[in-house]
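Down below is the structure, laid out as structure tokens.
Basis for what follows: all heavy atoms, side chains included, without hydrogens, waters or symmetry-related copies.
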Amino acid sequence: MESPFKGKTGLRRVWNAFHYSLDGLRAAYRHEDAFRQEIWLALVLIPLALWLGEGAVARALMIGSVLLVLIVELINSAIEATVDRISLENHRLAKRAKDIGSAAVLIALINVGVVWGLVLLG
């Protein structure tokens, strides 16, 4: 069974999806401290990658690792919001879901350090 909210197709669907995505970015920036901090970090690191990276591949790896942090943080925030929507009570599965999402963000941040270290110290 499909969601009753589905139905738009073609360019209309793409246009709507684009606006839903912008809404999601605005909501994450407004409500998620970690996402806001990572956005500011990205605004520093991406230009730095363009300046420090020697060659297109190095720059792509450096920028890609930073963007991956933002992607994983968005997914983590969505998991947390969903868990909180279901229930605010302390439950071991809710804690596990949130902790695993947090671990994913940690691994993405470690990835930034490893990629940048390898590219710069190469």
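Lys98 is listed as a side-chain neighbour of Val83, based on a closest heavy-atom distance under 4.5 Å. Here the side chains of Leu50 and Ile63 are in contact, with some heavy-atom distance below 4.5 Å. Looking only at side-chain heavy atoms (C-beta outward), Leu67 and Ile46 come within less than 4.5 Å of each other. Using a 4.5 Å heavy-atom threshold, the side chains of Val44 and Trp40 count as separate. At least one side-chain heavy atom of Leu74 sits under 4.5 Å from a side-chain heavy atom of Leu25.
Between Asp99 and Arg96 there is no salt bridge, since no side-chain N of the basic residue sits under 4.0 Å from a carboxylate O of the acidic one.
Annotation: the span from Leu52 atom CG to Glu54 atom CD amounts to 9.0 Å, rounded to 0.5 Å. From Leu22, atom CG reaches atom CZ of Arg26 across 5.5 Å, with rounding to the nearest 0.5 Å. The line from CD1 of Ile71 to CD of Glu38 is 12.0 Å long, rounded to the nearest 0.5 Å. Remark: Leu61 CG to Asn111 CG distance equals 9.5 Å, nearest 0.5 Å. In this structure, CG on Leu70 lies 5.5 Å from CZ on Phe35, to the nearest 0.5 angstrom. The structure places CZ of Arg13 at 13.5 Å from CZ of Phe18, a figure rounded to the nearest 0.5 Å.
Of all heavy-atom pairs between Trp116 and Ser65, the closest is NE1-OG, 3.4 Å. Of all heavy-atom pairs between Ser102 and Asn76, the closest is N-OD1, 3.3 Å. Of all non-hydrogen atoms in Ala42 and Pro47, the two that sit nearest each other are O-CD, 3.9 Å. The shortest heavy-atom contact between Arg30 and Arg36 is O-NH1, 3.3 Å. Of all heavy-atom pairs between Ile79 and Ala97, the closest is CG2-O, 4.0 Å. Considering all non-hydrogen atoms of both residues, Val69 and Ala108 come closest at CG2-O, 3.5 Å.
Tyr20 and Leu11 fall into different hydrophobic clusters, defined by Ile, Leu, Val, Met, Phe, Trp and Tyr side-chain heavy atoms under 4.5 Å apart, directly or through other members. No continuous path of hydrophobic side-chain contacts links Ile100 to Leu109 [ILVMFWY only; heavy atoms under 4.5 Å]. With hydrophobic clusters built from ILVMFWY side chains whose heavy atoms lie under 4.5 angstrom apart, Ile110 does not share a cluster with Leu41. Residues Leu106 and Val114 share a hydrophobic cluster, clusters being chains of Ile/Leu/Val/Met/Phe/Trp/Tyr side chains in contact below 4.5 Å. Linking Ile, Leu, Val, Met, Phe, Trp and Tyr whenever their side-chain heavy atoms come within less than 4.5 Å puts Leu68 and Tyr29 in one cluster.
Here the rule is side chain to side chain contact (heavy atoms under 4.5 Å, CB included) with Met62, and of Leu120, Val57, Leu48, Leu118 only Leu120 fits it.
When atom types are taken as modelled, the side chain of Ser77 and the backbone of Glu73 share a donor-acceptor pair closer than 3.5 angstrom.
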